[in-house]
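One structure below.
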Amino acid sequence: MTTLGLIGLGRIGAFHTETLTNLPGVDRLLITDERPDVVAQVATKYDVTPVDSAEKLLSSGVDGVVVAAATPAHAALTVAAVERGVPTFCEKPVASTAAESARVAEAIARSGVPVQIGYQRRFDAAFAAAKAAVDRGDLGALHTVRSTTMDPAPPPMEYIAGSGGIFRDCAVHDFDVLRWITGQEAVEVYATGSVQGDPLFTEYGDVDTAAITVRFDGGALGVVSAARYNGRGYDCRLEVHGFTDTVVAGWDQGVPVRNTDPRNDFPTGQPHHFFMDRFTDAFRAELGAFLGVVDGGPIQGATVADAVEVAWIAEAAAESLRRNAPVTIEEVRR
Ligand SMILES: NC(=O)c1ccc[n+]([C@@H]2O[C@H](COP(=O)([O-])OP(=O)(O)OC[C@H]3O[C@@H](n4cnc5c(N)ncnc54)[C@H](O)[C@@H]3O)[C@@H](O)[C@H]2O)c1
């Protein structure tokens with residue numbers, strides 16, 4: 001009999017509620033959020049158990065907890081969970097900044113309680129096959145890895161205000177994939193960006209469009225493209241080039257591009273609408289893997305140590321944009 005808790009019922013939390021209620025092995029789900037009206041609505045819709053507060057949920061004897069609250073709450077909720085000995089799945093990023101992520105990682109290490117971080121692309125069939133091809137050596141040495149994340153439209157501006165900006169909130173997925181695929185550590189980051197959409201992005205010190213290059217210690221170059229406005233749909237692609245071969249992930253029939261070649265009608269499907277429809281199966285697989293962690297198995301997805309490294313890349317990107325110059329990981333770690 002496995003009882004899970006879920007804290008945070010916004011966009012992704014409501015989506016995870018649906019996934020968790022359909023996941024074999026989850027016998028009971030307790031949910032909470034800072035907004036009692038939302039807790040009541042979600043509890044009724046999915047026939048799950050509402051709880052008044054995160055504190056009560058974590059002290060109720062749950063076997064594991066999923067933290068899907070807003071980013072500024074991740075650090076405190078994750079630390080509170082591990083201090084009570086509750087295995088935790090925390091949505092990315094692990095904390096608002098890299099320094100805070102590193103402090104959370106220390107608290108988690110002291111507790112000895114397993115924590116998995118929500119980088120779901122690792123569980124996508126195409127991304128996993130690309131990783132397997134690299135690991136088999138099919139591509140030879142990697143020279144260039146391109147990772148793209150373009151949302152069709154930005155989330156509400158209140159979300160953007162607390163998100164930490166496009167590098168820490170959005171491009172972190174790309175940074176995680178670059179590290180994971182290459183098996184290399186980032187050395188230097190160069191980022192640029194612009195605002196052509198809502199002027200509030202500028203007010204928040206953020207950008208709505210970004211391009212980032214990441215130099216890795218094994219010689220591979222990462223090229224990341226991220227945008228908050230992409231009219232044709234949710235564009236998430238990975239292109240991995242080696243000395244002997246190239247593989248791509250995300251070039252499926254729903255890739256949101258219009259091909260102008262009259263001799264080739266690819267892609268023929270409806271463009272992906274957003275991360276929920278593109279990664280439905282990956283979200284199910286990663287939460288299924290977390291159930292294995294709750295049962296005492298190893299972490300198969302991103303660990304906290306992975307998330308901390310990714311957070312430093314995001315930190316360097318933010319600093320690079322500010323300075324308009326390349327920034328080393330060593331500099332931001334100091
Ligand atoms: N893996 C992914 O692809 C992915 C996609 C979207 C969001 N996320 C992450 O999930 C998190 C939530 O994103 P969202 O889009 O659902 O945001 P959201 O703003 O829609 O929802 C956040 C929810 O958290 C609740 N909340 C805030 N602080 C809380 C606290 N201390 N205790 C309980 N509830 C609290 C809010 O009331 C709100 O309902 C973010 O950290 C984001 O980075 C990950």
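Start at 1 with the first residue, then count along the sequence. Please read all numbers here as calculations on a predicted model, not as lab measurements. Atoms within each ligand, like the ligands themselves, are counted from 1 in listed order.
- Counting only non-hydrogen atoms, the option in A14, A69, A76 that gets closest to atom 26 (N) of ligand 1 is A69.
- Distance from atom 34 (N) of ligand 1 to its nearest protein heavy atom, with residue and atom name: E34 N, 3.2 Å.
- Of all protein heavy atoms, the one closest to atom 10 (O) of ligand 1 is I12 CG2, 3.2 Å.
- Within ligand 1, the atoms closer than 4.0 Å to a non-hydrogen atom of P93 are 43 (O), numbered from 1 in the order shown.
- Applying the side-chain hydrogen bond (donor to acceptor under 3.5 Å, both in side chains) test to every pair with at least one member in residues 13-32, sequence neighbours left out, gives these pairs: H16-E91, E18-Y46.
- Looking at atom 22 (C) of ligand 1, its nearest protein heavy atom turns out to be A70 N, 3.7 Å.
- Under a 4.0 Å criterion applied to the non-hydrogen atoms of H173, ligand 1 contributes the atoms 1 (N), 2 (C), 3 (O).
- Of the protein's non-hydrogen atoms, F275 CZ, 3.4 Å is the one closest to atom 6 (C) of ligand 1.
- Of the heavy atoms in D169, only side-chain atoms (C-beta onward) come closer than 4.0 Å to ligand 1.
- Geometrically, ligand 1 and F283 share no nitrogen or oxygen pair separated by less than 3.5 Å.
- Other residues, nucleotides and ligands place no more than 12 heavy atoms under 6.0 Å from the CD atom of E330.
- In this structure, atom 20 (O) of ligand 1 lies nearest to the protein heavy atom R11 N, 3.0 Å.
- For atom 25 (C) of ligand 1, the candidate residues are D33, T149, V38; the nearest heavy-atom contact is made by D33.
- Ranking the protein heavy atoms by distance from atom 19 (O) of ligand 1 puts Y159 CD1, 3.8 Å first.
- Applying the salt bridge (charged side-chain N to carboxylate O under 4.0 Å, His left out) test to every pair with at least one member in residues 283-309, sequence neighbours left out, gives these pairs: R122-D306, R179-D306, D281-R284, E309-R333.
- Using cut-offs of 30° and 60° for the angle between ring planes, the F266 and W251 rings count as tilted.
- Contact annotation for T32 and ligand 1: no heavy atom of the residue comes within less than 4.0 Å of the ligand.
- Looking at K92 against ligand 1, both its backbone and its side chain come within 4.0 Å, counting heavy atoms.
- Salt bridge status for D176 with K92: absent, with no side-chain N to carboxylate O gap under 4.0 Å.
- Which parts of ligand 1 touch G118 is read off a 4.0 Å heavy-atom cut-off, strictly below it: atoms 1 (N).
- Atom 40 (C) of ligand 1 has T71 OG1, 3.5 Å as its closest protein atom, hydrogens excluded (heavy atom only).
- In this structure, a donor-acceptor pair under 3.5 Å is absent between the side chains of S163 and D169.
- In this structure, R121 is not positioned above the aromatic face of F275 in the sense of NZ or CZ being under 6.0 Å from the six-membered ring centre and within 45° of the axis.
- Contact annotation: for E91 versus ligand 1, heavy atoms closer than 4.0 Å belong to the side chain alone.
- Residue-ligand proximity: H74 is placed with a non-hydrogen atom under 4.0 Å from ligand 1.
- Contact of the F167 side chain with the I313 side chain is not registered, since no non-hydrogen atoms from C-beta on lie closer than 4.5 Å.
- A donor-acceptor contact shorter than 3.5 Å is absent between the side chain of Q253 and the backbone of P267.
- Note that CG of L4 is 8.5 Å distant from CG of L287, once rounded to the nearest 0.5 Å.
- Contact of the F274 side chain with the P152 side chain is registered, since non-hydrogen atoms from C-beta on lie closer than 4.5 Å.
- At least one heavy atom of A68 sits closer than 4.0 Å to an atom of ligand 1.
- In this structure, the side chains of V293 and L291 stay at 4.5 Å or more apart for every pair of heavy atoms.
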